[in-house]
Amino acid sequence: MSGGGTAKPAAQPTDEPAAASAAVLELRRSSGLPIAFTAMVVDSDRLRLGTSSGGRGVPGNQGLIVSRGSGLGGKVLATGRPAAVGDYLSARSITHHYDGHASAEGLCAVLAVPVMVGRTVRGVLYGATRERITLGDRALSTAVEVGRELEQALAVQEQVDGLVAEARSALAVPSRRADVAWDPVREVHAELRTLAARLNDIHLKERIHMVCSALAAAYEPEDRSRNLPVCLSPREVDVLAGVAAGRTNPDIADMLGVGLETVKSYLRSVMRKLGTRTRLEAVTAARRAGLLP
């Protein structure tokens, strides 16, 4: 945990999602609590303390393993419900396995809310002060709201991971050069681009676009020409990916959250840039240029 005062960039382990850092900073900003940190689930019985902001940087606290049922976070892992204490060291509602760590940080009032995907706890979001106070409903409800945003980010991450796994599985199908074998890949590619278009998480968006580029590069038609001077905007590729996956214009408009006329406008622009006259010709040209799988 890093020094207190105004909110600074959170210290974040490399194995935690970028959304955890954003959640920690947002909790400090919106609640006014001077300390915030997360713990992500290692398995059904353990949490690992990770991303933090406002702490003292006590050696051994980041990466600390918290057991199910132990301390405040372990209690939240076990119950799946928010909890708070006004004075951590004297609280009777929790066990005191981690008093040494809390004391080293100077923690007094602490709240913790579960971060759940579906019905499974995936982590715990904490807020804390160094004063003995009663953390009221406002602080707890703010933490719950920020926790829900982190839940959504983790759910999206899982969706992305699932789609990437589907794409890899589809690419492993024998006779991958046969065009029909690429239909599952194209569907995944379109879903990934649709998902990225709706994201605010820049890091996750970049990762999705890298995966999409890799899928497009993996398709190798015999007439591929990498030297075609084609430059489509990300949204134009989003629309064309939907066409390649067999979606209608209304379907594409609905999935991207834009108007039907906007989709048509993008398609006209795409066909003009590619020098084509139909949707099918545009898709074929984009594949030759390495823009689509």
Side-chain angles (χ1 to χ4, degrees), residues 1-2 4 6-42 47-55 62 66 72-84 107 109-129 135-164 191-209 211 255-258:
M1 300 181 184
S2 57
T6 58
K8 300 177 181 179
Q12 180 187 354
T14 57
D15 61 345
E16 281 199 3
S21 176
V24 163
L25 295 179
E26 176 57 23
L27 179 57
R28 287 190 66 189
R29 185 197 68 78
S30 58
S31 69
L33 296 173
I35 307 165
F37 52 102
T38 60
M40 304 306 293
V41 165
V42 177
L47 298 163
R48 178 186 290 114
L49 295 188
T51 303
S52 62
S53 179
Q62 188 176 80
V66 175
L72 186 63
K75 177 180 179 178
V76 170
L77 175 61
T79 65
R81 298 176 181 176
L107 303 183
V110 186
L111 61 77
V113 298
V115 177
M116 305 181 71
V117 177
R119 296 183 178 181
T120 304
V121 178
R122 296 299 170 87
V124 174
L125 179 63
Y126 296 83
T129 74
L135 294 170
D137 292 342
R138 179 183 177 278
L140 201 57
S141 62
T142 298
V144 168
E145 184 177 345
V146 175
R148 285 176 179 166
E149 293 175 0
L150 180 53
E151 289 171 354
Q152 292 173 2
L154 294 178
V156 170
Q157 179 70 66
E158 288 193 3
Q159 186 178 359
V160 170
D161 290 342
L163 288 170
V164 171
E191 288 188 34
L192 284 170
R193 292 205 65 98
T194 299
L195 192 59
R198 293 177 173 269
L199 287 177
N200 294 321
D201 187 327
I202 296 175
H203 299 288
L204 187 53
K205 186 189 291 279
E206 288 177 349
R207 182 194 169 206
I208 293 174
H209 283 160
V211 171
M255 297 191 75
L256 293 177
V258 299

Just wondering, do Arg148 and Glu151 contact through their side chains at under 4.5 Å, heavy atoms? yes
Search all heavy atoms of Arg138 against all heavy atoms of Ser30 and return the closest pair with its distance. NH2-O, 3.4 Å
Does atom CG of Asp137 have more than 12 heavy-atom neighbours from other groups under 6.0 Å away? no
Kindly give the heavy-atom pair with the smallest separation between Ala197 and Leu256, and that separation in Å. CB-CD2, 4.0 Å
For the atom pair CG (Leu140) and OG1 (Thr142), what is the distance rounded to the nearest 0.5 Å? 9.0 Å
Once rounded to the nearest 0.5 Å, what's the spacing between atom OG1 of Thr51 and atom CD of Gln62? 7.0 Å
Any side-chain heavy-atom pair from Gln152 and Val156 closer than 4.5 angstrom? no
Could you tell me the separation between the CE atom of Met255 and the CD atom of Glu191, rounded to the nearest 0.5 Å? 6.0 Å
Answer whether the closest heavy-atom distance between the side chains of Val124 and Val66 falls below 4.5 Å. no
Closest heavy-atom pair and its distance - Tyr126, Ala112: CD2-CB, 3.9 Å
Run the side-chain contact (heavy atoms from CB on, under 4.5 Å) test against Val41 and tell me which residues pass, sequence neighbours left out. Leu47, Leu77, Val121
Write down the atom of Ala143, the atom of Leu125, and the distance for their closest heavy-atom approach. O-CD2, 3.9 Å
side-chain contact (heavy atoms from CB on, under 4.5 Å) partners for Ala153, two or more places apart: Ala19
Measure across Gly80 and Pro114 and return the closest heavy-atom pair with its distance rounded to 0.1 Å. O-CG, 3.4 Å
Do Met40 and Leu154 come close enough that some side-chain heavy atom pair is under 4.5 Å? yes
All side-chain contact (heavy atoms from CB on, under 4.5 Å) counterparts of Ala139, not counting sequence neighbours: Leu111
Residue pair Leu33 / Leu135, side-chain heavy-atom distance below 4.5 Å: yes
Can you check whether His209 reaches Arg193 side chain to side chain, under 4.5 Å on heavy atoms? yes
Straight-line distance of Asp161 CG to Gln157 CD, nearest 0.5 Å: 4.5 Å
If you measure from CG on Leu199 to OG1 on Thr194, what distance do you get to the nearest 0.5 Å? 11.0 Å
For Val144 and Pro82 the tightest heavy-atom approach is CG2-CG, 4.0 Å
In the structure I gave you, are the side-chain heavy atoms of Leu107 and Phe37 within less than 4.5 Å of one another anywhere? yes
Pairwise side-chain contact, Glu26 with Glu145, heavy-atom cut-off 4.5 Å (strictly under): no
Gap separating the CG atom of Leu27 from the CD atom of Glu149, nearest 0.5 angstrom: 10.5 Å
